Amino acid sequence: MSIVGMAFYKLLRKRRVSYTAAFVCSAALILSYAVMTGNAVSTRRAVGMFILTMLAAALGRCTDMLNSLGIMVIYLLWDNPMVLEYAGFVFSVGAILAIGIVTPVMSASKGGKFWASVSIQLPMLPVVAMNYYELPLFAVFVNLIVIPALPVVFISGLLASAAGCFGVMPGKLLVFPAFAVLKLYEVLCDLVMKLPGASVITGAPDGYRIFLFYAVMSGFLVAFSLKKRAIECGLKEKSQILYSVQRVVCTAVLLAILLVKPKTAAQLDILDVGQGDGIFYRFESGTCIFIDGGSSDRKQLGENVIMPFLKYNGIQSISYWFVSHADSDHISGLSEVIDSGYTIEHIVVAEAAANEEAMEELLFKAKEAEIDICLMSKGDSIEINDASGSRSTANEEADGIMCLYPGPSDTALDRNDMCLVLKLTDGRFSGIFGGDISSEVEKKLVNEYGDGLSVDFYKANHHGSRYSSSADWIEALSPRWAAVSCAAENRYGHPADEAMDRLMDAKCRILYTMQSGQIKYKESTIYENNRQ
């Protein structure tokens with residue numbers, strides 16, 4: 001907008017149009033463009049800064065970018081203080097601040113173009129992490145290739161816009177160079193994102209890390225300013241070498257602040273997936289597992305719910321992803337996560353149900369993604385005693401996951417009754433996760449394990465169905481907390497009053513995703529994350 005507006009302004013001035021008239025005409029052109037494109041917050045910021053620059057020229061006064069930005073920020077906040085929550089506003093203002101404050105200092109001396117690109121992106125890293133929960137580490141190199149070609153996009157676009165007034169074909173021909181550059185950019189991005197370490201999941205940075213990031217950056221900028229003066233005073237060779245080293249150290253330190261994560265406590269999350277199941281658990285050792293991950297009423301569950309959750313929490317990979325059974329309301333999101341290329345080390349399924357058609361399709365996709373397949377049967381366990389976890393077949397209750405059902409010889413006509421039933425133990429915490437098993441399977445488990453089923457937490461079987469969570473089962477579990485995962489509106493009548501009454505009779509606190517949204521268990525407390 002600034003380039004078009006300024007070019008139009010200078011064209012009018014060359015035609016001997018007065019400063020005031022040139023300013024009014026240029027401002028009208030840019031304002032009409034803003035209105036035509038929806039007048040977004042970032043557009044209003046850019047238009048306002050341009051008008052202030054032109055107004056200063058018309059009045060014969062001087063202005064600078066940072067003062068103009070400050071005036072527009074005050075105006076936008078006065079109009080709507082909530083723009084501070086808009087990603088477009090934060091990115092727009094942050095980029096201009098980086099150009100005005102950081103770039104003049106970091107891009108001095110050798111390697112100016114490279115460090116100019118770094119100086120714009122480096123201050124924006126916390127903003128990127130806050131909005132996307134990951135950092136594209138190679139973006140600066142892609143920009144170095146593409147940014148020099150942006151004038152081609154600009155000129156081609158302008159000429160195509162003008163030629164479009166005389167017909168479609170001239171516009172198509174003139175816009176081709178812009179299309180070629182943008183296509184090149186798209187191809188480069190796809191290639192770069194396939195490189196190892198191209199994108200690093202950081203999680204949402206807390207306020208402490210953000211403050212530390214900018215405090216450290218400010219200290220480095222002061223040092224850079226002093227070194228820049230030394231270079232300008234003629235102390236070139238030695239100062240330039242030291243200056244380059246300082247910039248590399250600065251970049252490394254700031255990246256470390258965002259990428260190095262503090263030790264995290266054990267955490268259980270029952271995700272709000274609508275009519276389905278999606279359960280995440282992080283052991284005290286740091287090993288992360290997931291149980292199921294699907295929904296029958298929400299599309300793109302992996303993209304819109306599971307992946308944002310994992311990235312927000314800074315989960316780089318899932319060590320074990322357990323699949324209770326192959327109904328879509330338990331695997332639809334998992335299938336999308338596999339397609340996304342996210343790192344899953346092992347997928348664990350019941351050995352007795354591994355040959356079921358829908359399960360075979362899922363496992364085929366997992367094998368294509370080079371994910372290890374683990375088959376579990378009654379009595380098998382995965383012990384989690386370090387950061388990676390170790391698999392065994394011991395019946396002892398060590399920290400980890402034990403399979404209670406089904407065994408190799410178990411059979412059932414109903415897929416639900418072949419669900420993987422898991423008991424999780426982690427220090428003082430324990431939980432039971434039984435997928436969609438019915439009261440018939442619950443009865444078998446009670447007869448076999450008795451008091452050994454006692455746990456702190458119970459994920460209600462079959463989304464709270466009346467045919468699950470029988471009285472004997474609840475008595476054997478004696479849980480303190482239970483979570484029911486289901487949609488507020490579903491055709492199955494979940495959760496059933498009868499099943500919930502049995503849980504309440506056992507003095508169990510019940511939480512519902514349909515009411516509370518995501519349910520989090522952390523440090524011996526249940527928290528409800530109410531939907532906004």
Side-chain angles (χ1 to χ4, degrees), residues 265-270 277 279-281 283-284 289 291-292 322 324 378-379 381-384 394-407 416-417 419-486 494-516 519-528:
Q267 174 182 335
L268 168 67
D269 291 272
I270 312 299
D277 273 346
I279 303 139
F280 167 82
Y281 189 80
F283 285 82
E284 289 185 1
I289 69 167
I291 301 174
D292 289 335
F322 296 86
S324 66
K378 180 172 64 177
S381 66
I382 296 175
E383 294 182 8
I384 309 296
N395 286 318
E396 266 186 319
E397 258 188 47
D399 285 355
I401 298 280
M402 175 177 282
C403 176
L404 305 182
Y405 177 87
N416 290 341
D417 282 347
C419 278
L420 199 61
V421 180
L422 305 169
K423 182 175 182 181
L424 182 151
T425 305
D426 187 21
R428 292 174 296 174
F429 173 80
S430 59
I432 286 278
F433 306 88
D436 287 352
I437 61 171
S438 67
S439 57
E440 292 298 320
V441 177
E442 292 174 354
K443 184 178 179 180
K444 289 182 182 179
L445 293 170
V446 171
N447 291 335
E448 183 169 354
Y449 294 98
D451 294 338
L453 294 172
S454 178
V455 289
D456 303 304
F457 178 84
Y458 167 50
K459 201 288 298 178
N461 294 334
H462 207 171
H463 320 289
S465 164
R466 70 173 66 187
Y467 304 109
S468 297
S469 300
S470 60
D472 290 343
W473 172 254
I474 298 302
E475 184 180 354
L477 296 183
S478 60
R480 288 183 289 168
W481 301 286
V484 180
S485 179
C486 63
H494 297 159
D497 292 340
E498 300 95 314
M500 298 304 100
D501 288 343
R502 291 192 286 268
L503 280 167
M504 286 188 283
D505 289 343
K507 295 181 171 52
C508 175
R509 184 185 178 192
I510 312 170
L511 297 172
Y512 306 86
T513 59
M514 66 180 186
Q515 294 177 352
S516 303
I519 301 168
K520 179 184 293 291
Y521 175 100
K522 190 174 183 180
E523 297 179 352
S524 303
T525 309
I526 291 279
Y527 293 96
E528 300 177 38

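For the single chain, residues carry numbers from 1 onward in sequence order. Since this is a predicted model, take the numbers as computed values, not measurements.
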With no hydrogens and no angle check, is any side-chain donor or acceptor of [X] less than 3.5 Å from a backbone partner on [Y]?
{"X": "Tyr449", "Y": "Leu404", "result": "yes"}
{"X": "Tyr405", "Y": "Asp417", "result": "yes"}
{"X": "Ser381", "Y": "Glu383", "result": "no"}
{"X": "Glu442", "Y": "Ser470", "result": "yes"}
{"X": "Ser430", "Y": "Asp456", "result": "yes"}
{"X": "Arg502", "Y": "Ser468", "result": "yes"}
{"X": "Gln267", "Y": "Lys520", "result": "no"}
{"X": "Asp292", "Y": "Ile279", "result": "no"}
{"X": "Asp399", "Y": "Ile384", "result": "no"}
{"X": "Lys459", "Y": "Asp277", "result": "no"}

Over all atoms of both residues, closest heavy-atom pair of [X] and [Y]:
{"X": "Gly434", "Y": "Cys419", "value": "O-CB, 3.8 Å"}
{"X": "Leu477", "Y": "Tyr458", "value": "CD1-CD1, 3.5 Å"}
{"X": "Gly450", "Y": "Ala476", "value": "O-CB, 3.9 Å"}
{"X": "His494", "Y": "His463", "value": "CB-O, 3.3 Å"}
{"X": "Ile401", "Y": "Ile289", "value": "CD1-CD1, 3.6 Å"}
{"X": "Pro479", "Y": "Ile474", "value": "CD-O, 3.8 Å"}

Task: Verdict with supporting geometry, Asp497 and Arg466, side chain to side chain contact (heavy atoms under 4.5 Å, CB included) - done: CA-CA 7 Å; Asp497 292 340; Arg466 70 173 66 187; over 6 Å; no
TODO: Among Ile291, Ile270, Asp269, find the residue that satisfies the side-chain contact (heavy atoms from CB on, under 4.5 Å) test when tested with Phe280.
DONE: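 When side-chain contact (heavy atoms from CB on, under 4.5 Å) is applied between Phe280 and each of Ile291, Ile270, Asp269, only Asp269 qualifies.
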- [ ] Applying side chain to side chain contact (heavy atoms under 4.5 Å, CB included), run through Asn461 and Tyr467 and close with a yes or a no.
- [x] CA-CA 9 Å; Asn461 294 334; Tyr467 304 109; over 6 Å; no
Task: More than 12 heavy atoms from other groups under 6.0 Å of CG on Asp451 - done: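 Result for CG/Asp451: open.
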Would you give the length of the straight line joining atom [atom1] of [X] to atom [atom2] of [Y], rounded to the nearest 0.5 angstrom?
{"X": "Ser469", "Y": "Glu498", "atom1": "OG", "atom2": "CD", "result": "11.5 Å"}
{"X": "Ile437", "Y": "Ser465", "atom1": "CD1", "atom2": "OG", "result": "11.5 Å"}
{"X": "Gln515", "Y": "Cys486", "atom1": "CD", "atom2": "SG", "result": "8.5 Å"}

Hey, does [Y] have a side-chain heavy atom less than 4.5 Å from the side chain of [X]?
{"X": "Ser438", "Y": "His462", "result": "no"}
{"X": "Ile519", "Y": "Trp481", "result": "no"}
{"X": "Pro495", "Y": "Tyr512", "result": "yes"}

Task: Check against side chain to side chain contact (heavy atoms under 4.5 Å, CB included), Ile510 and Met504 - done: CA-CA 8 Å; Ile510 312 170; Met504 286 188 283; 3.6 Å; yes
TODO: Taking the six-membered ring for Trp and the single ring otherwise, decide whether the centroids of Tyr281 and Phe457 are under 6.0 Å apart.
DONE: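 Not under 6.0 Å, so no.
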Open item on the list: Centroid separation under 6.0 Å, is that true for the rings of Phe433 and Phe322?
Closed with: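 No, they do not, as the ring centres are separated by 6.0 Å or more.
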Open item on the list: Walk me through whether Lys423 and Val455 qualify under side chain to side chain contact (heavy atoms under 4.5 Å, CB included).
Closed with: CA-CA 8 Å; Lys423 182 175 182 181; Val455 289; 3.7 Å; yes
